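Some notes on the structure that comes next.
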Amino acid sequence: MSSSKFQTLHGMVDILPGESEKWNWLESVIRETAREFHFSEIRTPVMEPTELIARGVGQLTDIVSKEMFGFSRGETNYVLRPEGTAPVARAYVQHRLDQRGGAQKLFYIGPMFRAERPQKGRQRQFHQFGAELMGTDSPLADVEVIRFMMRVYEKIGLANITLMLNSVGDPESRAAYKTALQAYFRPHLSKLSEVSQTRFEQNPMRILDSKEAEDQPYLADAPLITDYLNGHCREHFAQVKNLLTNEGISFTENPRLVRGLDYYTKTAFELVSPDVGSQDALGGGGRYDLLVEEIGGAPTPAVGFACGMERLMLACEALGIQIGGDAALDVYLVCRGTEAQRWAMHAMPAIRKTGQSCTMDFSGKSIKAQLKDANRQQTRFAVIVGEQELADQKFTFRDMHQSTEEALPFEEILSRLATA
Ligand code: AMP
């Protein structure tokens, strides 16, 4: 493997046969859940204007300041999207999706790009599924998107997950909190990491998200946002908690939860799993009532989530949850000679119409090699065709699992396959 001249880029992986079946299955669970919740899919380009992401996600976040894959061409600055919400908000404004009436319920599945240091559960190209409910500030919407997210994990059988919940307030609450944080960090400022020092003036909340060792001793006693929420945010938070409790969704309040993106207001949440190692966040989200306005749209309160698909797979692996991936073949046409191959080529569409997957050998292997190939693909039925079978118009229909076979006319084979 390592002898090949070209390799995937650092932190980027190929999804190979055997794995891709799992991905397809996972995507089908997400799509089916979206259908049940009546969210429509939105597909945005993988590249966006840098300015959109910088404004949306926040200039001082790790994502924008350190992790962007960007380049310029002519006058335009491009970035490979690091997340899905700012692009969806852009599309919402650009295409006036509000005019479709009512709150918009959107979901997406796709690759995201962040130039992070790769490790288990952390890649430079990774995949997220996410949903956005745009155009309402109701706490009901917060709970509905949380319920959508949890439902996907529930369907997959991942029960060992914790929903962490916080409110990060609105600009008024945050202004009061910012003053309190600055008062708290000021005496320690010279001992904080360089990056935290740069965040101190403009966005001290980001210091709370710091992973730098120097900062850790000062984080535990920092003031909590929940003590600075104004009446409106406090009321919203209380309603979200109340609704979650009523709906039987358990959560853990974590007043230290600040997310890595600046657009969140009020509700913020994260889904964590003890089964995926140090990168334990499976997903997260929250309310972002000011993002649409920030990027040039009309005021549009909204709430959403994004979940990492690689981490979901890792959690399944750790817990021994078998996901999807029935790659077994239904029918293999074993051919002796070119006439038989021609017949098989013509027979395959009829077999596929019965709903069974079907293939043949294209390279003229021996019968023995073809049967071996069929076994390797865990094939259920083999249809063996040679000169004699063609002359008799009866073909050997072998049940590979039972090791039984019969000589049958093709029509009979088709009717057996249709009910198999
Ligand atoms: P975020 O958009 O930062 O809120 O991330 C949402 C989720 O995406 C995280 O909880 C992870 O599951 C996943 N995620 C984020 N960054 C990465 C990454 N570099 N590699 C793999 N998964 C990631």
Side-chain angles (χ1 to χ4, degrees), residues 8-15 19 23 26 30 44 46 48 52-53 56-58 60-69 79-89 107-132 145-146 148-150 152-153 156 158 160-166 168 205-206 208-211 254 257-265 267-288 291 302-318:
T8 46
L9 293 163
H10 192 44
M12 305 206 174
V13 303
D14 295 314
I15 296 172
E19 285 295 307
W23 282 82
L26 177 54
I30 296 161
T44 62
V46 293
E48 291 286 351
L52 167 74
I53 304 297
V57 175
L60 294 180
T61 58
D62 280 353
I63 294 178
V64 171
S65 63
K66 301 198 278 198
E67 299 167 359
M68 302 244 272
F69 280 110
V79 66
L80 286 172
R81 63 180 183 194
E83 60 99 49
T85 302
V88 170
F107 83 98
Y108 60 87
I109 300 175
M112 307 294 162
F113 306 84
R114 296 183 194 173
E116 295 189 86
R117 196 169 46 79
Q119 62 181 84
K120 191 171 181 202
R122 202 206 273 158
Q123 295 175 185
R124 292 185 157 190
Q125 175 174 338
F126 60 99
H127 297 78
Q128 287 185 335
F129 69 95
E132 318 288 357
V145 298
I146 289 174
F148 179 162
M149 174 177 82
M150 306 288 281
V152 172
Y153 292 87
I156 290 166
L158 273 171
N160 193 15
I161 46 177
T162 308
L163 177 67
M164 310 278 257
L165 192 69
N166 195 17
V168 294
M205 264 178 90
R206 287 256 70 86
L208 301 176
D209 201 27
S210 165
K211 307 284 180 291
N254 179 356
L257 176 71
V258 283
R259 310 227 52 252
L261 306 97
D262 279 349
Y263 50 61
Y264 289 115
T265 50
T267 316
F269 54 85
E270 211 155 81
L271 202 58
V272 293
S273 159
D275 303 308
V276 285
S278 63
Q279 301 301 309
D280 65 350
L282 291 180
R287 196 159 258 296
Y288 51 95
L291 173 63
V303 58
F305 73 80
C307 292
M309 294 168 71
E310 283 80 4
R311 287 193 201 167
L312 194 162
M313 302 261 190
L314 281 176
C316 289
E317 235 168 69

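Both counts, for ligands and for their atoms, begin at 1 and track the order of listing. The shown structure was predicted, so the numbers you read here are calculated from the model rather than taken from an experiment.
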Check each heavy atom of [X] against ligand 1 and say whether those closer than 4.0 Å belong to the side chain, the backbone, both or neither.
| X | value |
| --- | --- |
| E270 | neither |
| L261 | side chain |
| E310 | neither |
| Q279 | neither |

- Message: Could you check whether any side-chain N or O of K66 sits under 3.5 Å from a backbone N or O of V64, counting only pairs where one atom can act as donor and the other as acceptor?
- Response: no
- Do any N or O atoms from the side chain of N166 and from the backbone of L257 form a donor-acceptor pair under 3.5 angstrom? yes
Under 4.0 Å from a heavy atom of [X]: which atoms of ligand 1 are those, numbered in the order shown and with their elements?
| X | value |
| --- | --- |
| A281 | 9 (C), 10 (O), 11 (C), 12 (O) |
| E116 | 16 (N), 17 (C), 18 (C), 19 (N) |
| A306 | 6 (C), 7 (C) |
| G283 | 10 (O) |
| R259 | 1 (P), 4 (O) |

Give, for atom [atom1] of [X] and atom [atom2] of [Y], the distance between the pair rounded to the nearest 0.5 Å.
| X | Y | atom1 | atom2 | answer |
| --- | --- | --- | --- | --- |
| L80 | M112 | CG | CE | 11.5 Å |
| I146 | L163 | CD1 | CG | 5.5 Å |
| I53 | E67 | CD1 | CD | 13.0 Å |

Heavy-atom distance to [atom]: which of [options] wins?
| atom | options | value |
| --- | --- | --- |
| atom 5 (O) of ligand 1 | Q125, R311, Q128 | Q128 |
| atom 2 (O) of ligand 1 | H127, R114, K120, Q123 | R114 |
| atom 15 (C) of ligand 1 | F305, F126, F129 | F126 |

- Message: In this structure, is the centre-to-centre distance between the rings of F305 and F148 below 6.0 Å?
- Response: yes
- Note on the structure: Test side-chain contact (heavy atoms from CB on, under 4.5 Å), reference R114, set R122, R81, E83, output is E83
- List the steps, then state whether salt bridge (Lys or Arg N to Asp or Glu O under 4.0 Å) holds for R206 with D262. CA-CA 8 Å; R206 287 256 70 86; D262 279 349; 2.3 Å; yes
- Note on the structure: atom 21 (C) of ligand 1 sits nearest the protein heavy atom G121 O, 3.2 Å
- For atom 13 (C) of ligand 1, find the nearest protein heavy atom and state the residue, atom name and distance (0.1 Å precision). G308 CA, 3.5 Å
- Go through the side-chain N and O atoms of Q125 and T8 and say whether any donor and acceptor fall under 3.5 Å apart. no
- Query: Less than 3.5 Å between some nitrogen or oxygen of Y264 and one of ligand 1, yes or no?
  - Reply: no
- So is I63 polar-close to ligand 1, meaning N/O to N/O under 3.5 Å? no
- Sub-4.5 Å side-chain heavy-atom contact between C307 and L312: no
